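Worksheet for the structure shown next.
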Amino acid sequence: MPTKTVQAPIPGTFYRKPAPDQPVFKSEGDAVAAGDTVGLIEVMKSFTPVVAEEAGRIVAFHVENEDAVMAGQPLYDLEA
Amino acid sequence: MAISSLFVANRGEIAVRVIRAARELGIRTVQAVSAADRDMLAARMADAVVEIGPAHARKSYLDIDAVLAGARASGADAVHPGYGFLSENADFAERVEAAGLVFVGPKAETIRAMGDKATARAMAAAAGVPTVPGSEGRVDGVEEARRVAREIGYPVMIKASAGGGGRGIRVAESPSELETLIPQASAEALAAFGDGGLYLERFVAEARHVEVQILGDGERAIHVYERECSLQRRRQKVWEEAPAACLGPEAREALCASAVRLAESVGYRGAGTLEYLYDARTGEFFFIEMNTRIQVEHPISEMVTGIDLVREMIRVCGGAPLAYRQEDVRLSGHAIEVRINAEDPANAFMPAPGVVSALAVPGGMGVRFDTMLYPGYAVPPFYDSLLGKLVVWDETRAGALKRLARALGELRVDGITTTAALHQALAADPSVAAGDFHTRWLEGWLDANPLAPPTPRNG
């Protein structure tokens with residue numbers, strides 16, 4: 001099955017959880033539907049959701065919760 | 001203990017500001033940086049740099065252990081917290097002092113007391129500073145609400161005791177409205193918060209935000225007059241002026257004197273600001289809260305008095321007595337500050353970090369630009385969007401507005417979309433020129449006056 005690497009659309013801080021005391025949006029191995037929120041990127045105190053553009057299964061995350069990311073940096077691998 | 005080496009536990013333009021003041025005092029500076037800030041202007045200017053952690057502020061500028069370890073390793077004998085981050089964290093102030101370093105700010109107990117709204121309100125009231133008239137606790141039933149509302153004066157705001165963040169707030173203009181709204185609000189509060197308790201507070205429909213700058217040396221305090229910061233978006237100040245043009249000399253005197261009373265009653269040390277809500281219709285002012293740090297908009301107070309607030313706060317926190325008596329502080333002319341943020345005002349104020357490809361800084365008589373920018377600087381996306389503060393001074397407010405428009409015309413930050421276009425539009429607005437606004441005015445104005453997207457140069 002083809003694997004696709006999804007990149008950060010904007011630079012900022014990547015969050016895998018909606019809030020520090022809540023579970024992650026998605027774990028490795030989870031199935032995602034198009035439109036599912038996979039994470040958040042905080043740019044200058046404003047939060048943008050990272051939304052799956054297609055359905056599949058998350059194979060691996062390349063960044064941890066609260067990591068700094070640059071635009072174009074790989075976020076996760078999706079098996080379509 | 002006079003400070004000889006200062007650790008700057010902040011970033012951006014305020015770190016630059018602190019380094020400048022310290023240098024004039026002959027103090028060595030050590031700049032704290034996160035991994036994302038190694039190239040920032042303050043790091044280039046400081047005598048030494050200490051990296052305290054990764055880009056994420058919680059792991060660097062907000063991490064008390066990391067900041068303290070950096071300060072200790074740097075050999076500094078004092079810490080300046082700037083604004084935001086740990087500047088109003090009483091535990092941090094306590095731990096800095098416990099480590100044998102000077103905290104450039106008030107005592108930890110002052111920060112703690114003023115950080116608690118109820119305590120601050122009680123201390124203000126005890127010092128004879130007017131607070132928003134309210135029910136001082138819950139009101140029980142419609143009869144009591146009517147009696148309390150009569151004392152407070154209409155319109156009154158009905159708030160849920162268990163609520164917060166503006167939820168469950170209703171406004172009653174008259175006793176009959178109150179009778180209708182009290183049972184509704186109570187039922188709604190019970191459903192939303194599991195507690196139907198209500199309290200009342202005077203409602204000021206078109207409030208103006210005025211604030212008094214104070215300086216204290218732990219014993220004596222003075223005011224450095226007031227600022228007006230009514231132009232706000234989402235409770236963030238956008239444009240500030242000194243003095244507040246809406247105040248007459250008597251109201252100004254009463255307001256500023258009240259701030260000094262509260263500052264002296266807590267033995268205030270350093271620079272601080274008391275925020276008030278001002279009702280221009282009745283001429284009443286009410287204490288809201290105190291900020292126990294230097295504020296973003298401090299330069300306008302410096303411009304109208306000639307007092308370097310950051311330098312003076314470092315001096316007094318190093319143990320020197322205040323260099324000024326109240327009668328030494330003279331108000332002269334009018335100053336305006338506009339915040340130049342990396343945001344697109346034509347696109348819902350979307351953050352716009354990027355690389356500064358070219359920079360033209362305004363200059364000339366009465367113009368000051370406090371900034372962290374330099375040509376080639378990559379503005380990191382991890383922190384707030386403030387790039388700089390354009391400050392103008394002139395003898396009159398009308399002159400300052402013209403000077404602001406002129407200076408904005410000279411400002412060019414290529415590579416980054418900024419809020420400069422918003423300020424250019426506001427500087428030309430008749431209501432702004434007339435001083436006819438309040439704290440919710442700008443949001444309505446933005447809805448009615450959408451800004452055109454910038455035209456691409458080679459479009």
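Chain naming here is simple, since letters A, B, ... match the order of the sequence lines and numbering starts at 1 in each. Computed from a predicted structure; not experimentally measured.
Shown here for P353(B) and M44(A), the closest heavy-atom pair between the two residues is CB-CE, 3.8 Å. Between V69(A) and F382(B), the shortest heavy-atom contact is N-CE2, 4.2 Å. When all heavy atoms of N65(A) and K59(B) are compared, the pair lying nearest together is O-NZ, 4.1 Å.
Within a 6.0 Å sphere centred on CD of E53(A), other residues, nucleotides and ligands contribute 12 heavy atoms or fewer. By the neighbour-count criterion of 12 heavy atoms within 6.0 Å, atom CZ of R57(A) is densely surrounded, having more than that number from other residues, nucleotides or ligands.
When side chains are defined from C-beta on, H56(B) does not count as touching D67(A), because their heavy atoms never get closer than 4.5 Å.
Within the 4.5 angstrom heavy-atom criterion, atoms from both the backbone and the side chain of A342(B) approach chain A. There is no contact between P54(B) and chain A, counting heavy-atom distances below 4.5 Å.
Between the CZ atom of R58(B) and the OG1 atom of T13(A) there is a distance of 9.5 Å, given to the nearest 0.5 Å.
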